[in-house]
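See below for the structure under consideration.
Letters A, B, ... are given to chains in the order of the sequence lines, protein chains preceding strands, and every chain is numbered from 1. If you're wondering where the values come from, they're calculated on a predicted model, not measured in any experiment.
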Amino acid sequence: MARDLLGATLLVTETDGAVTSGLIVETEAYTGTDDPASHAGRGRTPRSEIMYGPPGVAYIYLIYGVHHCFNVVSEPAQTPGAVLIRALEPLTNLPLMATRRHLNPTSYSPLNLCSGPGKLSQALALTTSFNAASLQSSAIKIYPATTQLPHTTTPRRGITKAVDRPWRFALTNNPFTS
DNA sequence: ATATGGATGCAA
DNA sequence: TGCATCCATATT
């Protein structure tokens, strides 16, 4: 599931009409009640409830009180699971992304816009207000990849539990990863 | 290496 | 209520 999202296009339209989009180049899987690194790893809680619902909706939460992380609920209802989108190759409206990222909109590195889960959420203005939104809505759309692209498989990053599970996926030789 | 700083979940 | 923890980032 996390593999399938590699190469998909994520497009966000704000209420003010601003559009940003990017190609998904890095993902991580958090699946099942037996995954201690997942928010569902301690069972159903108010926060993890959405991961038990139907797939294809957004799960967005605040981490470290500072950054938002954007996930895609990935498993059938009753089975908890989500895919963390860790990096995008920015496609649409890069200067706006740069402004949101507090970078100089006329002098910035595209490599620094969406190369991390907090960065891409900031660049696409994805906050908890989008939590539980359908990913085929007017606000957020995901266009699936038509082919499975070459990718690497590694352990997940930034976690302290179940660090050995190889559930991080990234497009091979894509420079926009984190 | 370190500061940042809000929400969550669990214990008390 | 209090408190440890947290799927990170920017800055030193």
With a distance cut-off below 6.0 Å to the six-membered ring centre and an angular limit of 45° from the axis, does A/R101 pair with A/Y108 as a cation-pi contact? no
Without decimals, in angstroms, what is the distance between A/H67 NE2 and C/dA10 P? 6 Å
Qualifying residue, where the test is side chain to side chain contact (heavy atoms under 4.5 Å, CB included) with A/H68 and the options are A/T128, A/N131, A/L126: A/T128
By nearest-nucleotide position on DNA chain C, the 5'-leaning member of A/K119 and A/I63 is A/I63
Side-chain donor/acceptor of A/H151 to backbone N/O of A/L149, under 3.5 Å: yes
Does A/L103 reach the side chain of A/N112, with side-chain heavy atoms less than 4.5 Å apart? yes
Scan residues 156-178 of chain A against DNA chain C and write down, sorted by residue number, each residue with any heavy atom closer than 4.0 Å; if none is found, say none. A/R157, A/G158, A/I159, A/T160, A/K161
Heavy atoms under 4.0 Å, any strand shown: does A/R44 hit a base, just sugar-phosphate, or nothing? nothing
Can A/L113 be reached from A/I140 by stepping across I, L, V, M, F, W or Y side chains whose heavy atoms are under 4.5 Å apart? yes
DNA chain C-proximal residues of residues 68-100 of chain A, any heavy atom under 4.0 Å: A/N71, A/L84, A/R86
Round to a whole Å and report the spacing from CD1 of A/I60 to C1' of C/dA8. 16 Å
DNA chain C in dot-bracket form (Watson-Crick or G-U pairs under 3.5 Å, [ ] crossing, | inter-strand) is ||||||.||||.
So does A/M51 get a backbone contact from the side chain of A/S48, meaning a donor-acceptor N/O pair under 3.5 Å? no
Round to the nearest Å and state the distance from A/L126 atom CG to C/dC7 atom P. 18 Å
Using a strict threshold of under 4.0 Å (side-chain N to carboxylate O), is an ion pair present between A/E28 and A/R157? no
Hey, does the Lys NZ or Arg CZ of A/R156 hover above the aromatic six-ring of A/F169, less than 6.0 Å from the centre and inside 45° of the axis? no
With a 4.0 Å limit, can you tell me whether A/R42 has a side-chain N or O closer than that to the phosphate oxygens OP1/OP2 of B/dT8? no
Between A/Y64 and C/dT9, do the rings stack, that is, sit under 5.5 Å apart with planes less than 30° off each other? no
Determine whether a donor-acceptor pair (N or O, by modelled atom type, separation under 3.5 Å) exists between the side chain of A/T79 and the backbone of A/E75. no
Yes or no on ring pair (Phe, Tyr, Trp, His ring centres under 6.0 Å) for A/Y61 and A/H39, after CA distance, side-chain angles and deciding distance? CA-CA 10 Å; A/Y61 62 89; A/H39 289 164; 4.6 Å; yes
Does OP1 or OP2 of C/dC7 have a side-chain N or O of A/H39 closer than 4.0 Å? yes
Which nucleotide in B/dA7, B/dC10, C/dT9 has an atom nearest any side-chain atom of A/L62: B/dA7
Atom-to-atom span, CG of A/L120 to C1' of C/dT9 - whole angstrom: 13 Å
Main-chain N/O of A/V19 paired with A/N93 side-chain donor or acceptor, under 3.5 Å: yes
To the nearest angstrom, how far is A/R101 atom CZ from C/dA8 atom P? 14 Å
Which of these passes side chain to side chain contact (heavy atoms under 4.5 Å, CB included) with A/Y59: A/L84, A/V72, A/V73, A/V83? A/V73
Taking atom types as they are modelled, would you say the side chain of A/Y61 forms a donor-acceptor pair with the base of C/dC7 within the 3.5 Å cutoff? yes
